[in-house]
There are 2 protein chains.
Amino acid sequence: MYSLAEENYIKTIFHLQQTKSGAVSTNAIADSMDTKASSATDMVQKLADKKVLSYVKYKGAQLTEKGKKIATRIVRKHRLWEVFLVDKLGFHWDEVHEIAEQLEHIHSTELIKRLDTFLGSPAFDPHGDPIPDEHGNFIKTEKKLLSQLNKSQSGVCVGVKESSPEYLQYLDKKKISIGTKINVLGKEFFDGSMVIEVGRDQFFVSKKIADNLYVQTT
Amino acid sequence: MYSLAEENYIKTIFHLQQTKSGAVSTNAIADSMDTKASSATDMVQKLADKKVLSYVKYKGAQLTEKGKKIATRIVRKHRLWEVFLVDKLGFHWDEVHEIAEQLEHIHSTELIKRLDTFLGSPAFDPHGDPIPDEHGNFIKTEKKLLSQLNKSQSGVCVGVKESSPEYLQYLDKKKISIGTKINVLGKEFFDGSMVIEVGRDQFFVSKKIADNLYVQTT
DNA sequence: ACTATTTTTTAGTCTAGGCTAAAAAATAAC
DNA sequence: GTTATTTTTTAGCCTAGACTAAAAAATAGT
Ligand SMILES: [Mn+2]
Ligand SMILES: [Mn+2]
Ligand SMILES: [Mn+2]
Ligand SMILES: [Mn+2]
């Protein structure tokens, strides 16, 4: 059994090595967890002792198969609970992350099995992220960032990179949610900003906005 | 905000002072929490500093109004989650206590409000215990222990005192659940054992069994 | 009332998981 | 290739929450 702190580290390392390949640095972990590098080093050394990850001094950490299993189980729980909160309790997609951050640590395999069934074994969470199955396998969607599209290309929103309430509320205001079609009408190469069309509306988006929205090109 | 350990102490003290009136001893707390008296003393002193309880050295602890509020909120969460697990996920009543022990610590007032609505604002949990409302008020049922009944009296099962899987499984085997009518056919005053009638079955129960079943006399 | 026993608190130690400051290694600049 | 800078680790300290052993208070026995 792993402690709350250990589970949070494992999950963070898992997410970090999804984006960048190779070992993840203790600094990157500390940054991502809002803690200090020295704390991350301590924890990484402990997790290496427990064979959850491999760690080479000054080189960084990499989850073992064992570590990945643990991580995907936590991610599965997080995302299933998010579906529960939105689908069953009527929460809005910008309100569920913090609560799921706690619920993901409830230990009971039977619970997660039954929750999954209760929810109809969903494949995606409310933010468009795939839910790993009981073996840790999950769909790797072919998705791009909106910022990677060029003028006159279009895509369908399939998820968000950031899921802060502020960002999700912005998207709501602009009537963008999962499944929404977006046309790129113009792109400014100087700062990466765009003019996009959503439904009947046309408006300007900054690079920061476009950098956090995943789309599937059509 | 209170830590996991603090919350568990507060809840335990709340339950202890439900049964016995007056201050609860650090030893009673330690016993009930499966820890040592010295640890209980430390925690009680800390909770006294936080005005969660009043504490007089060598005399024991008593929750303040503030402490009782915290306690009933936790109890409310525990019991609502138990209802969720049984009613929505199909768990059996002997499987839910441990899981609810974790779920009761999830911090979100919005969550508990929505969960309550989702469940139809239940008044009792799967073990027959009343669920406090959002203000901490709950029904104080007029219930006796089965062991308090005498020969030829009868009652309806309204709850259990102990909710260990072993005990609940015993009750299942004997077809006793909430709402079941029980007739006392005989009582042995030497050891408190009884012969009872449940449906068409008649059988012997020890004092230990009868001491953990709540009934409402009819 | 005095002693013996039980209950409760205190003192001191341990581990998990943080932190800061200093040291060491890796990387970048010349 | 040496020096300067950045990254990473180590050393030492802190708090929460446990524990054991010893001390102190309360209670019981005579
Ligand atoms: Mn978490
Ligand atoms: Mn999500
Ligand atoms: Mn608990
Ligand atoms: Mn219960």
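Only this structure's heavy atoms are used, side chains among them; waters, hydrogens and symmetry mates stay out. Residue numbering restarts at 1 for every chain, and letters A, B, ... go by the order of the sequence lines.
Regarding contacts with the backbone of C:dC19, a side-chain N or O of A:Thr35 is found under 4.0 angstrom from either OP1 or OP2. At least one side-chain nitrogen or oxygen of B:Asn27 sits closer than 4.0 Å to the OP1 or OP2 atom of C:dT8. Side-chain N/O atoms of A:Ser38 include none lying less than 4.0 angstrom from OP1 or OP2 on D:dT10. Close to D:dA18, at under 4.0 Å from its OP1 or OP2, lies a side-chain N or O of B:Tyr9. Note on B:Lys36: every side-chain N or O is 4.0 Å or more away from OP1 and OP2 of D:dA18.
At the heavy-atom level, A:Ser39 lies under 4.0 Å from base atoms of the strands shown. At a threshold of 4.0 angstrom between heavy atoms, the contacts of A:Ala5 are confined to the sugar-phosphate backbone, with no base atom among them.
To the nearest angstrom, C1' of D:dT8 lies 12 Å from CD1 of A:Ile29. What separates CE of B:Met43 from C1' of D:dT15 is a distance of 12 Å, to the nearest Å. Between the CG atom of A:Asp42 and the C1' atom of C:dC19 there is a distance of 10 Å, rounded to whole Å. Summarising the geometry, the separation between CG on A:Asp31 and P on D:dT6 is reported as 16 Å, rounded to the nearest angstrom. Distance, A:Asp34 CG to C:dC19 C1': 14 Å, rounded to whole Å. The interatomic distance linking A:Lys59 (NZ) with C:dA24 (P) rounds to 19 Å, in whole Å. One interatomic measurement links the two molecules: OH of A:Tyr58 to C1' of C:dA26, which rounds to 9 Å at whole-angstrom precision. Nucleotide D:dA16 holds its C1' atom 18 Å from the CE atom of B:Met1, rounded to whole Å.
Among the nucleotides C:dT8, D:dT9, C:dG18, the one closest to the side chain of B:Thr26 is C:dT8.
Side-chain N or O atoms of B:Thr64 include one that pairs as donor or acceptor with a backbone N or O of B:Lys51 at under 3.5 Å.
Of the two residues near DNA chain C, A:Ser3 and A:Lys57, the one whose nearest nucleotide lies more 5' is A:Ser3.
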**OP:** Apply salt bridge (Lys or Arg N to Asp or Glu O under 4.0 Å) to B:Glu110 and B:Arg114, showing your working.
**Re:** CA-CA 6 Å; B:Glu110 185 63 23; B:Arg114 284 175 185 266; 2.8 Å; yes

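Residue side chain B:Ser25 does not reach the base of C:dT8 through any donor-acceptor N/O pair under 3.5 Å, judged by distance alone.
For the residue pair B:Asp191 / B:Ser193, a side-chain donor-acceptor distance below 3.5 Å is found, with atom types taken as modelled.
For the pair A:Lys88 and A:Phe118, the cation-pi test (distance below 6.0 Å, angle within 45°) is passed.
Ion pairing between a basic and an acidic side chain is recognised when a charged N comes within 4.0 Å of a carboxylate O; B:Glu104 and B:Lys11 show such pairing.
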